[in-house]
There are 2 protein chains.
Amino acid sequence: MSSNSAPRTGDDVDLAGLRSTRQRRAVLRAVARIDVFASSQTIHESLRRSGDHAGLSTVYRALQELSERGLIDTIRSPDGETLYRRCVDSRHHHLVCRRCGQVVELPSGQVDLWIEQWRQATGYADIQPVVELFGTCPACQPTEGA
Amino acid sequence: MSSNSAPRTGDDVDLAGLRSTRQRRAVLRAVARIDVFASSQTIHESLRRSGDHAGLSTVYRALQELSERGLIDTIRSPDGETLYRRCVDSRHHHLVCRRCGQVVELPSGQVDLWIEQWRQATGYADIQPVVELFGTCPACQPTEGA
DNA sequence: GTAAGTGCAAACGGTTTGCAGCCTC
DNA sequence: GAGGCTGCAAACCGTTTGCACTTAC
């Protein structure tokens, strides 16, 4: 990893065991370009617009594989869609604007600490940090006057 | 407890404007009976088993309406299903066993405090507490020896 | 050369909806 | 009696899968 890994611009990334195909590279590039959380379909569409067409199922598969390998981030929107975004930092949580998808990263230390407390208090194992907050970012808020 | 409201055993509850139909009463009763988070389909099945049959879409509609009115609680499971449970206390969060659905209520004060901090720090409005933790409860954990 | 990856189309599973008949208020 | 409510079946929508073909290694 420390030898030939270029920065993650989306093209010459180490795919963690996956074959480097045109489609996967394109997906990674698209995700790198969009910097809000986007659905598989949105990403698929973005690919088509940039001329890098890939089949919808391929996009679904690629996004899943890439997120499994930690190359991209995943969350679930309140209405059940899976959203993806370029991975900024491994373990962290998000505050996502429900309208534009804009993201604020929450300091992970605090969340983890907090989950750890509950793990100890309750005996629950393998607690998944489903701590994703959806709100309306300042830019998307209706003006007070209206 | 105050005037004429009986305990929420599921039968003579004020439906907050909704007509009191056999089906809605049955749904409420089922939810009162099950005390873990259950899916609409599970609740529909539970109704059938108790002899209170109601159409699946009616159950979906009833659960939605009841949760909108705050009579029952809702969360989303990690795989996108909507889960319902009798409402214990208005604003609170949960730690749910991914296997048996068993729930630990998280002290809401702490979560709210925490969300409030982020609201102030980020300017995001209307932050929804999607703080639902899914883990494996002690009873469902594989024994260490195995 | 061969196993992994792709793309289409069809299946899937949870949920929603249109509509004719029913029942609560 | 009128409008809300119900139930069926069909539509929906995001996602997954089977399978023949292609491609990276």
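We name chains A, B, ... by the order of the sequence lines, and we start the count at 1 in each one. Note that these values count all heavy atoms, side chains included, but never hydrogens, waters or copies made by symmetry. In this text, all values refer to a predicted model and were calculated from it rather than measured experimentally.
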Between [N] and [X], is there an OP1 or OP2 to side-chain N/O distance shorter than 4.0 Å?
X: B:Gln23; N: C:dC23; result: no
X: B:Arg22; N: D:dG7; result: yes
X: A:Arg24; N: C:dG5; result: yes
X: B:Arg61; N: C:dT16; result: no
X: B:Gln64; N: C:dT15; result: no
X: B:Ser57; N: D:dA9; result: no
X: B:Tyr60; N: C:dT15; result: yes

Touch class at under 4.0 angstrom, heavy-atom based, for A:Ala62 against every strand present:
nothing

When we call it a touch if two heavy atoms are under 4.0 Å apart, what does B:Ser39 touch: a base, just sugar-phosphate, or nothing?
nothing

Rounded distance (Å) that lies between atom [atom2] of [N] and atom [atom1] of [X]:
X: A:His44; N: D:dC13; atom1: NE2; atom2: P; answer: 17 Å
X: B:Glu65; N: C:dT17; atom1: CD; atom2: P; answer: 12 Å
X: B:Leu56; N: D:dA9; atom1: CG; atom2: P; answer: 12 Å
X: A:Tyr84; N: D:dG14; atom1: OH; atom2: C1'; answer: 11 Å
X: B:His53; N: D:dG7; atom1: NE2; atom2: P; answer: 6 Å
X: A:Arg19; N: D:dT22; atom1: CZ; atom2: P; answer: 16 Å
X: A:Leu63; N: D:dT16; atom1: CG; atom2: C1'; answer: 14 Å
X: A:Leu83; N: D:dC13; atom1: CG; atom2: C1'; answer: 15 Å

5'-most contact on DNA chain C: B:Thr82 or B:Thr21, nearest heavy atom basis?
B:Thr82

Which nucleotide sits closest to the side chain of A:Thr58: C:dC25, D:dT15, C:dT6?
C:dT6

Of the listed nucleotides (D:dC5, C:dT15, D:dG14), which one gets closest to any side-chain atom of A:Glu81?
D:dG14

Take atom CZ in B:Arg22; do more than 12 heavy atoms of anything else shown fall under 6.0 Å from it?
yes

Strictly below 4.0 Å, N to O, side chains only: are B:Arg86 and B:Asp73 in salt-bridge contact?
no

Establish whether A:Val27 and A:Leu56 are linked, either directly or via other cluster members, by ILVMFWY side-chain heavy-atom contacts under 4.5 Å.
no

I'd like to know if B:Leu71 and B:Tyr84 are part of one continuous hydrophobic network [Ile/Leu/Val/Met/Phe/Trp/Tyr, side-chain heavy atoms within less than 4.5 Å].
yes

Any chance you could measure B:Arg61, atom CZ, to B:Leu66, atom CG, to the nearest 0.5 Å?
13.0 Å

